Amino acid sequence: GNVRRFFAFGSGQGRASLERYLPGAGAQGSNGSRAGVVAAFGVPRRALILFAGVGSEVVALDRMSGGRTDITAVEVNRPMVRWARARKENGLDALFSKSNVHFHVAEARAFLEADRSRYDLIWLPYFGSGYRGALWFSVEDLAQFTFTREAYRKLLERLAPGGTLVTYDVNKVILLATLRGLFEEDGRNNLARCAVIMSLDSIDERRFLNPAPRSKAAFHLFRDWNTPLDNLVLLLKPSGFSSAQLAALRAFARRRGSSILYAPDSPRSESPYWQVLHDDDWRQTVSRLSGSGWIKLTAATDDNPSLARGYVKNWFRLIRGLAARPALWIFLLGTLLAWVTVFVQATGKVSGGDLLFLALFSALGCGFLLLEIGLIRKFGLFLGNPVYSLSISLAALLFFSGLGSLSRQGASRAGLPALWRASGLTAAATAAVLALLKAAGGALLGASLAARVAVIALLLAPVGFFSGQLFPEAMALARR
């Protein structure tokens, strides 16, 4: 049979299907057959492939179209793309050099915001190349911004008239609920006639739609309609599917041995997809469906993009997932060692006041860390790269917090009022940054990287300055 190849870093960070490019060869491999679903009713003139990995979907679509499709591919993982082009035996450098293939190293959502082209096909295959590891549902932070309400509004804008959007990842009930809300807000066609949901492989439809109770420990391993990874593909055509197009999809499904779980011309009242698309009070339907499993079927937004937050409602699994993270244990161990050191080095009896100040400085340290982490995650989308977000945010915060600490050295005013003042100003500055980013961040995503870095530095200046005053104010209070 066909040999399946995958690219992965040694650390497990990143995984993408690898297909060799052989000019003149027909469609081969798993992605060659999967590409059939995106072109089952015609070869697209222009296509956009996000989460392109090392180009397996590009290979499949280029083979299928005979080089007639103008393909724009986007992948954030630069080392992955560099490696793919360097290995000449795979032929990918020749593929990426073709006149009809345009490969961009960029974050998917940032590319969408800056791009002004329109496409007959937008394809979002599995974003495995963005996985950070196999710990619980830990996924690449930036990839999640491509599945929010705001992102899907942008995806709809990038579709040409009669274009099709194809999505593999994310629970399909969540996506349908997100899209129905957008369609109603924008006054678009009835979503029920614009969507098709089908499996990529053979499944037991009855078991899939009526899953048996699952073990909590192995919940993430199952592929049912109410699980995070349902192994289904959503085809969205805002102009609506014609009878001929639906017939072409059914013919493709028969050849693949796959199942169509929802189609506009096939009433299935027991299907959750049919219920979400046809019930008048569809929000109540989504709420009811969410209560039937262990995942929250709620749409992600740019303010809360985490896909994992909607996956598991069980608190035991949440705590166990956190406990599996080495960074958490390092943090807890460091905190414990700091407390032990204070007690060991104490020359006299430790008083209640000493414990109070120890708790105060521990809280200041934890608060600063949480502030850093939150802002770094928030700026990831704005800067379009997690490395940029980490380095630039940390540099700006540390620089301006240093200035803030310097401004309070030798200050005569000290005590609780000064500490409260610095705390209040830090909170107000952080709230202002978040509000400004929400109001104007989307409009600035298309700006140059230098301009966005300058904006981040200006936004973080007051946050860092006021937070930097907290430690010297607490020291002054302790000396008193």
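Nothing here was measured: the structure is a model prediction, and the numbers come from that model.
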With no hydrogens and no angle check, is any side-chain donor or acceptor of [X] less than 3.5 Å from a backbone partner on [Y]?
X: Arg158; Y: Arg118; result: no
X: Asp120; Y: Gly163; result: no
X: Ser290; Y: Val286; result: no
X: Lys237; Y: Gly162; result: yes
X: Glu75; Y: Gly53; result: yes

Worksheet item: Does Phe103 have its ring centroid less than 6.0 Å away from the ring centroid of Phe96?
Response: yes
Discussion item. Quick check on the 6.0 Å ring-centre criterion: do Phe471 and Phe361 meet it?
Written reply: yes
[atom1] of [X] to [atom2] of [Y]: how many Å apart, nearest 0.5 Å?
X: Leu191; Y: Leu236; atom1: CG; atom2: CG; answer: 6.5 Å
X: Ser393; Y: Leu459; atom1: OG; atom2: CG; answer: 10.0 Å
X: Ile71; Y: Leu48; atom1: CD1; atom2: CG; answer: 10.5 Å
X: Gln469; Y: Ser407; atom1: CD; atom2: OG; answer: 4.0 Å
X: Leu360; Y: Leu364; atom1: CG; atom2: CG; answer: 4.5 Å
X: Asn189; Y: Cys194; atom1: CG; atom2: SG; answer: 5.0 Å

Which pair of non-hydrogen atoms, one from [X] and one from [Y], has the smallest distance, and what is that distance?
X: Ala108; Y: Thr146; result: CB-OG1, 3.7 Å
X: Val463; Y: Thr426; result: O-CG2, 4.4 Å
X: Val54; Y: Leu92; result: O-CD1, 3.3 Å
X: Ala52; Y: Glu57; result: O-OE1, 4.0 Å
X: Phe382; Y: Arg452; result: O-NH1, 2.9 Å
X: Leu371; Y: Ser467; result: CD2-CB, 4.5 Å

Practice prompt. Give the ring-plane orientation class for Trp123 versus Tyr168, where under 30° counts as parallel, over 60° as perpendicular and anything between as tilted.
Written response: perpendicular
Do the non-hydrogen side-chain atoms of [X] and [Y] ever get within less than 4.5 Å of each other?
X: Leu470; Y: Phe368; value: no
X: Arg188; Y: Pro238; value: yes
X: Thr72; Y: Phe111; value: yes
X: Thr285; Y: Asp281; value: no
X: Arg149; Y: Thr178; value: yes
X: Thr69; Y: Asn100; value: no
X: Ile49; Y: Ile122; value: no
X: Leu232; Y: Tyr273; value: yes

Discussion item. Between Thr167 and Tyr152, is there a side-chain donor-acceptor contact under 3.5 Å, judged purely by atom types and distance?
Written reply: yes
Discussion item. When you compare the side chains of Glu184 and Trp282, does any donor N or O come within less than 3.5 Å of an acceptor on the partner?
Written reply: yes
Between [Y] and [X], does any NZ, NE, NH1 or NH2 come within less than 4.0 Å of an OD or OE carboxylate oxygen?
X: Asp70; Y: Arg45; answer: no
X: Glu157; Y: Arg116; answer: no
X: Arg87; Y: Asp93; answer: no
X: Arg153; Y: Glu150; answer: no

